[in-house]
Structures are given as structure tokens and as C-alpha cells.
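This is a predicted model, so every value here is computed, not measured. Below, chain A is the first sequence line, B the second, and so on; all start at residue 1.
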Amino acid sequence: MDTYSPTEVEVKWQNRWDELGTNLFSREDLASAKNPYFNLMMFPYPSAEGLHVGNIYAYTGADVWGRYQRLLGHDVFQPMGFDAFGIHSENYALKVGVNPNDLIPSNISNFTRQLRRIGAMFDWNHTVDTTAPDYYRWTQWVFLKLFEAGLVEKRKAPVNWCPSCKTVVSNEQVIQGLCERCDSAVEQRQIEQWFLKITAYAQRLLDGIERIDWSSRTLIAQNNWIGRSEGADIDFPVVGRNESIRVFTTRPDTICGATYMVLAPEHPLVDALAHEDQREAVDEYVEQTKQLDLKARQYVDRPKTGTWIGANCENPITGAEMPIWVSDYVLIEYGTGAIMAVPGHDERDFEFADTFDLPIKRVIARNGAANAEPMTEAYVSDGVLVNSGEFDGLTVADGKRAIVEKLEANSLAAGQVRYRLHDWCISRQRYWGPPIPIVYCDECGAVPVPESDLPVLLPKLEQFKPDDSGESPLARDKDWCTTECPKCGGSATRETDVSDTFLDSAWYFMRYPCTDSDDVALDSEMIQKWLPVDSYIGGHEHAVLHLLYARFVTMAFNDIGILDFGEPFEKFRAHGILTKDGRKISKSRGNIIVPDDLIAEWGADTVRLYLMFLGPFEQGGDYSETGIRGPASFLDRIALSVSEAIEGEADEQVLKAMHRTIDKVSNDIAQLKYNTVISALMEYLNVVREGGRSCVKQEVEPLVVMLAPFAPHLAEELWESLGHETSIFDSGRWPEADPELAKVETFDIGVQVNGKLRGSISVTVDSTEEEALALARSDERVATYLDAGDVRKTIYVPGRILNVVVK
RNA sequence: GCCCAGAUGUUGGAAUUGGUAGACAAGCUGGCCUUAGAAGCCAGUGCCUUAGUGGCGUGAGGGUUCAAAUCCCUCUCUGGGCACCA
């Protein structure tokens, strides 16, 4: 018998879907949808290589979900777009010497071709391309809205600076302190940049985590990234001056063990407090720190360095005098940029004290008994306070409370919460991004471009390579830079930095249902209907940045009144990673697999089924083509069975198996366990075909529906051959299991004697323990073991096990 | 260093969440059919074995239990993320 020809079937249905608009919405469709379901997946960066098999894996899994929702009766909106701005595209364009303006469109059309070929039900009527002026016009609008709300700020921030290339380089481009391109030592430099004040939302971003249905590992990553710590701000008076140093600590209980203070090199008091005898050493040290690139500065295993600034301060609890040091292991951007150093109970302080011979004092002991021996490492575990005067004997938790209370009474401390989350720097001194819509006027300062003047078009520069000016290449286009001030009409110049790609992707999902509108970014009717997103599927690599930024923009827009919800994604699931021979698939490893040939050979349905069969979707799997034959022959057999199916009554045993299958499949698909869904369908087909019997239409129709999310083309073909005239995704309904039929009545359960399996018996749900035991005894083998001693205990779990304890 | 995930036949993986370990596939072996097979169909396939109605077996070691891949403790390894965050 002939097997079916995938390519023919797939092309036929892809064409028909296009002709009938099966997966396409018009604006009216979107407006009138009765049961809207927004199925979102992370849009790709359209690289020149095209989609690789890892992308196909991710999109297939998300498409399976969308098609399943559609079969449940939802109006599923499943758009796709392209995240085409950014340094990635720009660097590639530089490498091949083609302008990104010319490169991106062909990449996009190649991606679109590939995405169509896998048969995902994308609504190509609603697509976005972040580099299109009618998209980034609205990205600029997003910036302006945040600006109006006071959530945008310009300030100096350190960047990596290559003195040889005379340009800003990203952290990724710094290799062991050297510039990736020219190998010269990279240093840090302070430049003015635009920041979005995401830190204002730190607590709300944290609180929201409680409410949303996301993969727990993603939530844990966000939680750690936001990094809330509770502690206290404590003032340490400077000896001989009317000033004090404020520090933040999470361990106020260890204050009696503080033996010195440390200021970050950028701390303003370094200069103010440095004694003239030490000034030279201090200046030299601070200068030396500046020479480091940002990555080297944060390298944990670097030996501790620093110098005494020639001043001391007083411990507000013990009154002891403590020297003030400056060291780059203290970071200006966290806490107050100054710490009280407790070498006995902090590993970094211990290392520093050890290096510079500073006193180390134990103030916490496991059982509250301080021994006099010198400490050899920091003790960071829980315990009881010692050597702490009136606080001796308190636990760490009680000690924290008591000490902060005492200091607060003297106005020397205040309880504080800090976050490690930083404000979001969106300035990029590069070419390939949306220009930040700001102009600088001598009279009026930094002025936002009025909404009506958007977009600020990115000019097509022939030379877009960063040069030695240190500014964005846009600064070289003098015509473009010169403009007039929207406020006073005087002459002004444009901001030449472009914004971070993550700003493009922080709101793209809101734009999808609104692409029919040219005059507004967000069409409130559509937003009302389709947002927040019902389900979002994407890679775990975006667990923090992208997902956090999207949440931040949503919350800010909620506050501004643009949106009436505060969380963009009700449900998020991170798909697993596809590896090859256990290694990540990446261009740098040279193990990229382009799926085109594979699809040409086996067909999209087989490739889809194979990828989903590899392992649990949230876990990923290892790609090796050897196993593809299994899913391929499964599709062959299913096609054969359906084409030969006859009219008539379903066999009773088959019917029962069918309902058990529906039950399992419905359960597992909802949990994204696609691999066990497929194996359950295979098992059922084996039952249907048992002994080469010809099957009945009624037995296979639900099978075709359950197959449809995975192999949509073949499912359509078989659905048609079963006599249906409209698409299975319009006329099919996900089958429901009849609990009566799905019920298992007889079980073969194991019989154990003393926990070891000795036989098996066939029982019903209603079989009593006595009946089960009698049955077990009738088994000669079991009987031998039972007769070896007295029965002490019998454990009978109906439908599961019979275990007899014999002694 | 910290956090997260994981380790099951030759391979991918399954196991009703504490109840017959290895479902479903791949691979391999043998058979049928075929001019032919990277097609289809059938059978076998965890290891040991004195072949038993036997023993062992889910990274290692210990524990709880009538019963552990599953729960607890200790450790090893692998993948991923964060990283001088006071």
C-alpha cells in the first residue's frame, strides 16, 4: 500500500490555509472574536543564517499549544514578528560589508519562508518588524510616555572605553580586560546616558511574582535579579570632624566586630576626608581603579587592594576607633558606597583584613562560647552574639533587632530595604537602533521631540561603523543632527544615541493586535480585547532582562493610564534547549543545523512530531536524526489506517482504550508534556491496528483531532478524507473522555512477598483484600513463598499492589 | 562562591507522584514479504546466571518504610544562570 507523500499534502494545505485565511484575522475578526486567546511566542532576531532547528523546536512547541487552544474552541491570535535592530545585526552587517538597511529585508523574507514551511498558524496580517519606521515610531512614543511620567533620566554612567579604537565597547567585547578587536587595555569612562527608572518598580516587580503563572525557575531568576535585602543604614561619626559615614548592612548584629571602614573609590568622602599625608597614595589608588575596565573591576578572585585614607571613625556601639580605607571591592552603585568591615563574619572583609593586617574579631559563635583562638576564616553561619557587651547571648536575629533599636533611639540608624536591580541604561552609541527622540537646545536644554514629529527617522548612513569620536555614528550626519528646538524654535541638535533593542521588545506584543491602526500605537479596543497575553512561550535566556523590562513598561503604562492591567503575561513557560551531542547549538561551535533539508526529506509534520517526541518540551532534548524514522512511520501507519477505515460500530475494547487515551492526552498536553502525548497516540494506534484488523472511522476520528496540533497538514488531509468539508481547526473539537469508558476495570497487579515481586494477579477495582490474597495463594510460585512462614501483615492497595509480610 | 535544573538499558526517554522499573520510540539480532529496500509485517533485546519458582539493577554511600527512581541526610559528576550586592 502506498504511503502518503508529505510534501504534496503539506503544500496543498499551506496554500489552502492562505486562500481561505484560516489563520488570518481582519481587524473586524479581531474586534468580534468571542473567545479570544492570545498565544504569544518570542519573536526571533532574523539572522543571515536563517532559522535553525532550535528555533523550529521552540516555535513548533508554541504552535502546538496554539492549535490545541483553537481545538478547544478559542479564537487563537498567533502573530509573529522580527526583532531586527541591535548590535547583533549591526556587527554582522559590518563584517560582510552590507548596510543593515539592505540586509534585514532579505533575512526577514527568508525567515518568513521557513516559518511558513513548518506549518505554524501565524497571522501574517499582524506582524511587526522593529526596524520599520511605522514600528519604531511607536517605540519612540513609548520613550516619550515614560519621559512624561518622569521615568526617564539622563546621568553619567561608566562604560568600557577602548583608547585605541576610541569607542565604547560592550562587556561582551572585553576579553580579559582587553579589547576584542585590537587587544588594547580597556578602561572605564563616565559618559552621559539615558536611563529608565525601573528601580522605582523594584518592589512591585517583586510583588507581582506572587500572582503570575510562570515557570518557577523564571520567577526565581527574576527574584534573584531584583535582589531585595533587608538591613539598616548606620552612621559612623568621623573622628575629629562634624561628619559621619553612612553604611548599609544586612548584618547590624555584627557591628561590634566591625574593625575598619571601607569607601568605594568614587565615594565623595574619599577626597573630603583624605589626610594630606595620605593624599598622594589615595589619589594614586583612585586613579589606578579608573584604569580598570568594568569587567576586571568586578572580577571576584582578584586580590584585594586599597589604602588607608588617613582618617578614622568611631563605632557607634563600642565607641572604638576604626581606620577608614578606600578599596575597589566596595561598589559605589550599591547601598551607600561605603561599608563597615566585619572581617570575622564576611569573607571579603576577612580577605582584605588578612592582606592588610587589620584586626579580626569574633562576635558570633555557633553555641555562644567564644574561644580565644584566632580565626582562620570568616564565620558566616548562624549563631549567638559574643564579645558584644550588653548584646552577648542574643541570637543573630534578636541581635539585629536590639542593635538597630538602640541606634535608632540615638538617630544613628534606620531600617532599610535595598535592591540590587539597577536602572535600565538604554543609550547605545551605535547606529542600528531607533534614535532616541530628544533634541538639545542651548536655551531649553534636553527637549523631547513632540509626538506629532515622530518618527525621528534613522538616516541611511553609508558609513555606519563606530569611529574615534566616541559618539554614535549618527553624530557624523550633520544635516540630520541639525534641527530646530520644538519649544523655542531656535537651532538645536539631535540626540545621536539610539535606544537599546530591549526597548523594542519590551512592548511589541501590545502592538500585534494594533497593527491595523496607523494613527495610534495602541488601539484601546484591541488592547481591551486581547491583552494581557494569555500564554507566552520562549527561551529561558530571557528570564530576566526581556521579561522584566516588558513587565516594567506594562506597570508604568498601567500607572500612566494607558493600560488597565499591570502584568503583561498571565502565563509564561520556558521551553527547553535543543542540544547536539549534549552541547549547545550555536554558530560559534559550528554545529548549527538548518532544517530546510530535513523538512524537504521528511516533511514538516514528521519533523514537528520528531522534535516534540524528543523529550518534555520544558526540558529540551538532544538532537540526532537517527530517531526520526519512528515518528515518520507512525504518520505513515496513521494515514494508512484512516484511509482504509470502514463504517460501523467501534469495538468495545478499542473504544475503552480510546477514552483512556483521550484522558491521558488531554492531561499531558495541558502540561506541555508533548512527548508522552505522542507516545499515548502511538500506543492507541497500536491497539487499533492490533492483529492487522481494519479499523472503524469512529475509532480513528478523535485520533486525527489529537494528532492535529502536532501534524496539522496530515490531520487536515485525513479529516477531509473522513468526509469533513471545513478545516479541522474550524470544525474539529478536542474530544472529551467519557469517564465511564475510560475507567479501568481489571488490573494486573503485582504480588510481593516481603517486598519482593513473586507473581501477579488479575483483580477488579472492587476486589477485596481476601479475594486478592486467595488469588495470590492459587499461584503456585507465590504460595511457596507464603508457606515459608507465618503471614504477619498484608498490604493491599486496590489497583496497585498486594504485599504480604511473612516471617 | 551562591542559586537553579538534572543523572534511569546501547540511545532519546516513560513510570498513575511511595505501589509490577524500563511504556513509547531509536538501534541491534532473527524471521516473513519483496527484483530490490533507509518500505511494510512478526518475534527477541537491562545485567549476571549454576538457566531455577534464582540473584542484581534507576550517579555513589547511608537512612525512613510492608514497599523508594520517587521522601530524608552526606557526597560525586553534568548543564545553565548570577557573581566583591556588604
Can you check the distance between B/C75 and B/A25, where both ends of the measurement are the C1' atom (answer in whole Å)? 35 Å
Between A/Tyr674 and A/Phe710, how do the two ring planes meet: parallel, tilted or perpendicular, split at 30° and 60°? perpendicular
With a 4.0 Å limit, can you tell me whether A/Asn223 has a side-chain N or O closer than that to the phosphate oxygens OP1/OP2 of B/C3? no
pair_partner(B/A5), Watson-Crick or wobble, both distances < 3.5 Å, evaluates to B/U78
Which residue lies toward the 5' end of RNA chain B, A/Ile795 or A/Phe747, if each is placed at its nearest nucleotide? A/Phe747
A/Arg781 side chain near B/G54 phosphate (N/O to OP1/OP2, under 4.0 Å): yes
Say we look at B/A60 and B/C77: how far apart would their P atoms be, to the nearest angstrom? 15 Å
Ring-plane angle category for A/Phe356 and A/Trp325, please: parallel below 30°, perpendicular beyond 60°, tilted otherwise. tilted
Is the shortest side-chain N/O distance from A/Arg420 to OP1 or OP2 of B/A86 below 4.0 Å? no
Does A/Arg758 make a side-chain N or O approach to OP1 or OP2 of B/G54 shorter than 4.0 Å? yes
For A/Thr784, report the nucleic acid contact type (base, sugar-phosphate, nothing); a contact means any heavy atom under 4.0 Å. base
On RNA chain B, compare the nucleotides closest to A/Glu347 and A/Val805; which residue's is nearer the 5' end? A/Glu347
How close or far is atom P of B/A86 from atom CD1 of A/Ile332, stated in whole angstroms? 16 Å
Base, sugar-phosphate, or nothing for A/Tyr785, non-hydrogen atoms under 4.0 angstrom? sugar-phosphate
Could you check whether A/Asn686 gets within reach of a base, just the sugar-phosphate, or nothing at all, counting any heavy atom under 4.0 Å? sugar-phosphate
Applying a 4.0 Å non-hydrogen cut-off, can you work out what A/Arg689 is touching in the nucleic acid: base, sugar-phosphate, or nothing? sugar-phosphate
Indicate yes or no: does A/Asp663 engage A/Lys743 in a salt bridge with an N to O separation below 4.0 Å. no
Measure the distance from OH on A/Tyr610 to P on B/A25 and round it to the nearest whole Å. 16 Å
If pairing means Watson-Crick or G-U wobble with both distances under 3.5 Å, then the partner of B/U16 is none
My understanding is that a pair needs two contacts under 3.5 Å, Watson-Crick or G-U wobble. By that rule, which nucleotide pairs with B/A83? none
When you measure from the side chain of A/Asn675, which nucleotide among B/A14, B/A23, B/G54 comes out closest? B/A14
What is the distance, to the nearest angstrom, from the CD atom on A/Glu618 to the P atom on B/G6? 11 Å
Can you tell me if the side-chain N/O atoms of A/Arg637 get under 4.0 Å from OP1 or OP2 in B/A39? no
Mind checking the P distance from B/A15 to B/A23? Whole angstroms is fine. 12 Å
Base, sugar-phosphate alone, or nothing: which one does A/Thr794 contact when heavy atoms must sit under 4.0 Å apart? nothing
Any side-chain N or O of A/Lys756 below 4.0 angstrom from OP1/OP2 of B/C56? yes
Tell me the closest heavy-atom pair linking A/Leu802 and A/Ile749, and the distance in Å. N-CD1, 4.1 Å
Please determine if A/Asp253 and A/Arg251 form a salt bridge, counting it only when a charged side-chain N lies under 4.0 Å from a carboxylate O. yes
Under 4.0 Å between any heavy atoms, over every strand shown, what does A/Gln752 touch: base, sugar-phosphate, or nothing? Just pick one. base
Do A/Tyr57 and A/Tyr623 have ring centroids that are under 6.0 Å from one another? no
Quick one: label A/Thr579 by what it contacts on the DNA or RNA (base, sugar-phosphate, nothing), any heavy atom closer than 4.0 Å. nothing
Rounding to the closest angstrom, what is the interatomic distance between B/A51 and B/C56 at atom C1'? 15 Å
In whole angstroms, how far is the P atom of B/G79 from the CG atom of A/Leu578? 17 Å
Picking from B/A21, B/C82, B/A25, the nucleotide nearest the side-chain atoms of A/Met682 would be B/A25
Does A/Asp622 reach a base, just sugar-phosphate, or nothing at all? Heavy atoms under 4.0 Å. nothing
What is the base-pairing partner of B/G40, counting Watson-Crick and G-U wobble geometry with both distances under 3.5 Å? B/C32
Looking across every strand, which nucleic acid part, if any, lies under 4.0 Å from A/Val330 by heavy atom: base, sugar-phosphate, or nothing? base
Residue A/Pro631, side-chain atoms from C-beta onward, closest of B/G40, B/A25, B/C3: B/A25
Considering every strand shown, what is the Watson-Crick or G-U wobble mate of B/U64 when both distances are under 3.5 Å? none
Using the ring of each side chain (for Trp, its six-membered ring), is A/Phe502 parallel, tilted or perpendicular to A/Tyr549, with breaks at 30° and 60°? perpendicular
